[in-house]
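Step one of this worksheet: look at the structure below.
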Protein chains: 2
Amino acid sequence: MDTVEKLLDATERRIRQNGYHAVSFRDLADELGIKSASVHYHFRRKEDLGKAVVERYSKRFFEALDNAPDPLAAYCDVFEHALKRDEAICLCGVLGAETRGIPDDVAAEVKRFFEDNLAWLTNHLGDIGNAAMALSSLEGGMMIAQSLDDYSIFDRVRAELLSKAAQ
Amino acid sequence: MDTVEKLLDATERRIRQNGYHAVSFRDLADELGIKSASVHYHFRRKEDLGKAVVERYSKRFFEALDNAPDPLAAYCDVFEHALKRDEAICLCGVLGAETRGIPDDVAAEVKRFFEDNLAWLTNHLGDIGNAAMALSSLEGGMMIAQSLDDYSIFDRVRAELLSKAAQ
DNA sequence: GTCTATAATTTGATAGAC
DNA sequence: GTCTATCAAATTATAGAC
């Protein structure tokens, strides 16, 4: 795997666990066994790296939703995977909470992620109210599960969403 | 108003808008027209300040819920006020997203806030599934509304919560 | 309670050799 | 593409005068 990909991996994990401002070029370099100047070679500014991470995250997110037989269940699955496999919340959930404190072009990319999510959900669920509830509760449920260090609140959110949708 | 109260105000606003790591003693001092050494006189370490802010926030939050005739509507109101009057999301929503990247004692105070919220909601709504949905969707709805710079998603969440509760 | 002064560390970023 | 070396700025925090 090339350095760029490794940098994107390490940055995504660190932002998702600690927040944008808790990620430094030196820490990333140490993790990869290189020097911080080499990180700057691949991404001149920190916001270039941040923007690239969000773009890759968003692309992968929607690819994982392709051709799902049950859209809402598939949608919940993607978030559940992100939470339990990676032991971290949604990248855009972290960055959205820090919106005003991060560079404008990174915040713009996060905004686009949420707009695309609402469009996808509205398209597949047919109702924008249900779309708003699904996105908000899953994002909030991840954040609270992380704070409590207990996934059960996320599981309850998922169960409620699917049971109310079946009515 | 004394310096401690002014510091708590400024810190709360800055964390809620930008995140924990985007708040510095110098910025706080500048806002109050004092020097950063004077901030350290009142709060020796940054985590002492952070913990005090969460404690005050939590105390005020539950005071605002006292004696509400309609618990769920009152609960939504508190979050709506926080979002629209302060033009910022929930303090613990920001800190919860940064959980692993902030000092342990601050994270512990945030965890307690969410535990208390779930207990209050479960007590007043009677069902822990509804409690999980209310807390998660309101927290998530605030965060996404901030990212989109558009409150309508929060308003939809609120409307959905109240209409589903009435069924 | 606030100040000046300062320490020690970390940060994002660049220049130029290899 | 990675390195050494370095910079300017910012950070948390402390000592001691007033």
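All values derive from a computational prediction rather than experimental measurement. A note on names: the letters A, B, ... follow the listed sequences, proteins ahead of strands, and every chain is numbered from 1.
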Rounded distance in Å - [atom1] ([X]) to [atom2] ([N]):
{"X": "A/Leu28", "N": "C/dG12", "atom1": "CG", "atom2": "C1'", "answer": "12 Å"}
{"X": "B/Lys6", "N": "C/dG1", "atom1": "NZ", "atom2": "P", "answer": "13 Å"}
{"X": "A/Asp48", "N": "C/dG12", "atom1": "CG", "atom2": "P", "answer": "13 Å"}
{"X": "A/Asn18", "N": "C/dT11", "atom1": "CG", "atom2": "P", "answer": "12 Å"}
{"X": "B/Lys46", "N": "D/dA10", "atom1": "NZ", "atom2": "C1'", "answer": "12 Å"}
{"X": "A/His21", "N": "D/dT12", "atom1": "NE2", "atom2": "P", "answer": "12 Å"}
{"X": "A/His42", "N": "C/dG12", "atom1": "NE2", "atom2": "P", "answer": "17 Å"}
{"X": "B/Tyr20", "N": "D/dT11", "atom1": "OH", "atom2": "P", "answer": "13 Å"}

Less than 4.0 angstrom from a charged side-chain N to a carboxylate O is my criterion; do [X] and [Y] meet it?
{"X": "A/Arg112", "Y": "A/Glu109", "answer": "yes"}
{"X": "B/Asp127", "Y": "A/Arg156", "answer": "no"}
{"X": "A/Lys111", "Y": "A/Asp104", "answer": "no"}

Q: Using side-chain contact (heavy atoms from CB on, under 4.5 Å) as the criterion, point out the one residue from A/Val53, A/Ile15, A/Thr11, A/Val94 that pairs with A/Tyr20.
A: A/Ile15
With a non-hydrogen cut-off below 4.0 angstrom, is [X] in contact with a base, only sugar-phosphate, or nothing?
{"X": "B/Arg26", "result": "base"}
{"X": "B/Arg44", "result": "sugar-phosphate"}
{"X": "A/Tyr41", "result": "base"}
{"X": "B/Ser38", "result": "base"}
{"X": "A/Lys35", "result": "base"}
{"X": "B/Val39", "result": "nothing"}

**Q.** Shortest side-chain distance from B/Ile34, nucleotide among C/dT2, C/dA13, C/dT11
**A.**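 Looking only at heavy atoms from C-beta outward on B/Ile34, the closest nucleotide is C/dT2.
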(Q) Let's see if you can work this out: which of C/dT14, C/dA13, C/dT11 has an atom nearest to the side-chain heavy atoms of A/Ala37? (A) C/dT14
**Q.** Within 6.0 angstrom of B/Lys164 NZ, more than 12 heavy atoms from elsewhere
**A.** yes
Measuring to OP1 and OP2 of [N], would you say a side-chain N or O of [X] lies under 4.0 angstrom away?
{"X": "B/Ser24", "N": "D/dT11", "answer": "yes"}
{"X": "B/Thr3", "N": "C/dT2", "answer": "yes"}
{"X": "A/His40", "N": "D/dT2", "answer": "no"}

